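Along the sequence shown, residues carry numbers from 1. These numbers were taken from a predicted model, which means no experiment stands behind them. Heavy-atom basis, side chains included; hydrogens, waters and symmetry copies ignored.
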Amino acid sequence: MKSTEQNGFNEAWARSTPFIEKALAKSGREYTVEDVLRQVQDNHAIFFPVENGAAVFKVALYPQRRFLRIWLYGGTTDTGRANLDAIMEAADYYAAEHECDGIELVGRKGWEKVLRPYGYKYKSVTLVKDLGE
């Protein structure tokens, strides 16, 4: 079942839009909120709301492996640990559901320390050069 077919999707999406916008701003603005919604509606992404936040997952296909990617996450810090626990449990669930070999996240350096207790480890650095700005 697509996440848009879940009971209460429209309300959860509306409540989560500010968190998704903030995550998109920090990730480089490659997508708009409308682009993300379209990805969710087309079943190319999985929307997972939490209290005062939301995550969006995607399945990343490589020639030899399949990963669940924690694509976007945003939320308030007052429910931070509870939200993060819920997101990590959901990531494990959806990774198994989609027969993934693992879970990946491309994000800011601070995520390394935050996710270490959940079994994540440092793998690489992504460097970006913006042109024309």
Side-chain angles (χ1 to χ4, degrees):
M1 175 185 298
K2 295 192 300 188
S3 54
T4 56
E5 296 171 354
Q6 298 291 326
N7 189 22
F9 172 82
N10 291 332
E11 178 185 323
W13 181 263
R15 181 176 31 86
S16 301
T17 298
F19 304 119
I20 294 169
E21 285 177 337
K22 190 172 181 179
L24 288 169
K26 290 182 178 182
S27 70
R29 297 197 182 275
E30 290 93 357
Y31 295 85
T32 64
V33 171
E34 292 78 20
D35 296 328
V36 175
L37 177 59
R38 205 167 15 264
Q39 292 273 316
V40 172
Q41 290 170 330
D42 293 343
N43 210 27
H44 297 295
I46 303 161
F47 170 65
F48 186 78
V50 292
E51 183 181 352
N52 297 319
V56 182
F57 308 120
K58 291 180 97 171
V59 175
L61 300 174
Y62 300 100
Q64 304 301 316
R65 301 192 74 193
R66 177 185 192 100
F67 280 85
L68 184 81
R69 178 176 295 150
I70 302 172
W71 179 28
L72 299 167
Y73 170 71
T76 60
T77 56
D78 60 332
T79 54
R81 181 55 62 185
N83 279 351
L84 192 55
D85 288 345
I87 297 297
M88 295 298 104
E89 287 178 27
D92 288 342
Y93 170 81
Y94 286 114
E97 182 82 6
H98 290 275
E99 299 177 348
C100 294
D101 300 303
I103 302 168
E104 67 181 16
L105 175 137
V106 176
R108 293 176 295 142
K109 179 78 172 142
W111 281 112
E112 179 183 2
K113 181 179 179 183
V114 171
L115 296 181
R116 190 175 302 127
Y118 296 95
Y120 290 76
K121 61 184 176 196
Y122 172 83
K123 183 175 179 184
S124 65
V125 173
T126 302
L127 301 170
V128 176
K129 177 181 177 181
D130 285 329
L131 301 175
E133 289 188 5

A.B. asks: Show, in sequence, the C-alpha distance, side-chain angles and deciding distance for Lys58 and Ile70, and conclude whether the side chain to side chain contact (heavy atoms under 4.5 Å, CB included) test is met.
C.D. replies: CA-CA 7 Å; Lys58 291 180 97 171; Ile70 302 172; over 6 Å; no
A.B. asks: Of all the heavy-atom pairs spanning Leu68 and Phe57, show the shortest one and how long it is.
C.D. replies: CD1-CB, 3.9 Å
A.B. asks: Is Trp111 close to Tyr120 at the side-chain level, that is, under 4.5 Å between some pair of heavy atoms?
C.D. replies: no
A.B. asks: Working to the nearest 0.5 Å, report the span between CD1 of Ile46 and CD of Gln39.
C.D. replies: 11.5 Å
A.B. asks: List for me each residue that meets ring pair (Phe, Tyr, Trp, His ring centres under 6.0 Å) alongside Phe19, sequence neighbours excluded, and say none if there are none.
C.D. replies: none
A.B. asks: Between Phe47 and Trp13, is the ring centroid distance below 6.0 Å?
C.D. replies: yes
A.B. asks: Nearest heavy-atom pair of Asp101 and Gln64: which atoms, and what distance?
C.D. replies: OD2-O, 4.3 Å
A.B. asks: Please report the closest heavy-atom contact between Phe48 and Ala86, naming both atoms and the distance.
C.D. replies: CE2-O, 3.8 Å
A.B. asks: Would Tyr118 and Asp85 count as a side-chain hydrogen bond (donor to acceptor under 3.5 Å, both in side chains) if you check the C-alpha gap in whole Å, the side-chain angles of each, and the deciding distance to 0.1 Å?
C.D. replies: CA-CA 9 Å; Tyr118 296 95; Asp85 288 345; 2.3 Å; yes
A.B. asks: Counting N and O atoms only, with roles assigned by atom type, does the side chain of Asn83 sit under 3.5 Å from a partner on the main chain of Glu51, one being a donor and the other an acceptor?
C.D. replies: yes
A.B. asks: Provide the closest heavy-atom pair for Trp71 versus Val36 in the form atom of the first, atom of the second, distance.
C.D. replies: CH2-CG2, 3.8 Å
A.B. asks: Suppose clustering is done on Ile, Leu, Val, Met, Phe, Trp and Tyr with side-chain heavy atoms closer than 4.5 Å. Which residues sit in the same group as Phe67?
C.D. replies: Tyr62
A.B. asks: Who are the side chain to side chain donor-acceptor pair (under 3.5 Å) partners of Glu112, not counting sequence neighbours?
C.D. replies: Lys109
A.B. asks: CG/Leu105 to CG/Leu72 distance, rounded to the nearest 0.5 angstrom?
C.D. replies: 9.5 Å
A.B. asks: Could you measure the distance from the CD1 atom of Ile103 to the OH atom of Tyr94? Nearest 0.5 Å is fine.
C.D. replies: 12.5 Å
A.B. asks: Listed by chain and number, what are the side chain to side chain donor-acceptor pair (under 3.5 Å) partners of Thr32, not counting sequence neighbours?
C.D. replies: Glu34, Asp35
A.B. asks: Please find the pair of heavy atoms, one from Gly53 and one from Ser16, that lie closest to each other, and give the distance.
C.D. replies: O-OG, 3.7 Å
A.B. asks: Would you say the side chain of Phe9 lies within less than 4.5 Å of the side chain of Val40, judging by non-hydrogen atoms?
C.D. replies: yes
A.B. asks: Within a reach of under 6.0 Å around CD of Glu30, are more than 12 heavy atoms found that belong to other residues, nucleotides or ligands?
C.D. replies: yes
A.B. asks: Taking salt bridge (Lys or Arg N to Asp or Glu O under 4.0 Å) as the cut-off, I'd like each qualifying pair that reaches into residues 62-76, sequence neighbours left out, listed once.
C.D. replies: Arg69-Glu104
A.B. asks: Nearest 0.5 Å, what's the CD1-CG distance between Ile20 and Leu37?
C.D. replies: 8.5 Å
A.B. asks: Determine whether Arg108 and Lys26 satisfy the following criterion, side chain to side chain contact (heavy atoms under 4.5 Å, CB included), listing intermediate values before the conclusion.
C.D. replies: CA-CA 9 Å; Arg108 293 176 295 142; Lys26 290 182 178 182; 3.8 Å; yes
A.B. asks: According to side chain to side chain donor-acceptor pair (under 3.5 Å), who are the partners of Tyr93, at least two apart in sequence or on a separate chain?
C.D. replies: Glu97
A.B. asks: For the atom pair CG (Asn10) and CZ (Arg15), what is the distance rounded to the nearest 0.5 Å?
C.D. replies: 12.0 Å
